[in-house]
Amino acid sequence: MIVLGNRSTNPLVGRLYDRYYTLLDLRYPGKGGYVVRTLHNPFGNGANVVFAGGSDPAGVDAAVDALIAAMRK
């Protein structure tokens with residue numbers, strides 16, 4: 001699944017944050033910053049996660065653009 005946002009804007013990110021699987025919140029990656037990364041099988045059910053996140057809407061938009069660019073390659 002592709003997960004957008006951060007722990008304050010997306011409950012799934014919050015669950016994974018609380019389990020120390022990701023660090024995406026209102027402070028990291030910071031204003032306008034973004035993260036695109038994967039997490040493999042965090043719940044043991046065979047589902048993987050792609051994070052496209054940021055601390056603010058501009059960061060999330062940049063993450064989505066970066067993810068789309070990577071997928072087009």
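Just so you know, residue 1 is the first one in the sequence shown, and it goes up from there.
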Separation between CG of D25 and OH of Y17, rounded to the nearest 0.5 Å: 4.0 Å
Between CZ on residue F51 and CG on residue N10, distance to nearest 0.5 Å: 9.0 Å
In one Ile/Leu/Val/Met/Phe/Trp/Tyr side-chain cluster, 4.5 Å: L4, V50: yes
Shared hydrophobic cluster for L24 and Y20 (ILVMFWY, side-chain gaps under 4.5 Å): no
Donor-acceptor pair, side chain of N41 and main chain of G46, under 3.5 angstrom: yes
Contacts table for residues 26-38: side-chain donor-acceptor under 3.5 angstrom, sequence neighbours left out:
unit_1, atom_1, unit_2, atom_2, d
T38, OG1, H40, NE2, 3.3

What donor-acceptor contacts under 3.5 angstrom involve side-chain atoms of residues 60-72, with partners at least two apart or in another chain?
none

Set of residues satisfying side-chain hydrogen bond (donor to acceptor under 3.5 Å, both in side chains) with respect to D18, sequence neighbours excluded: R7
Sequence neighbours excluded - side-chain hydrogen bond (donor to acceptor under 3.5 Å, both in side chains) pairs with any residue from residues 42-59: none
Set of side-chain contact (heavy atoms from CB on, under 4.5 Å) partners for P42, sequence neighbours left out: L16, Y21, L39, V49
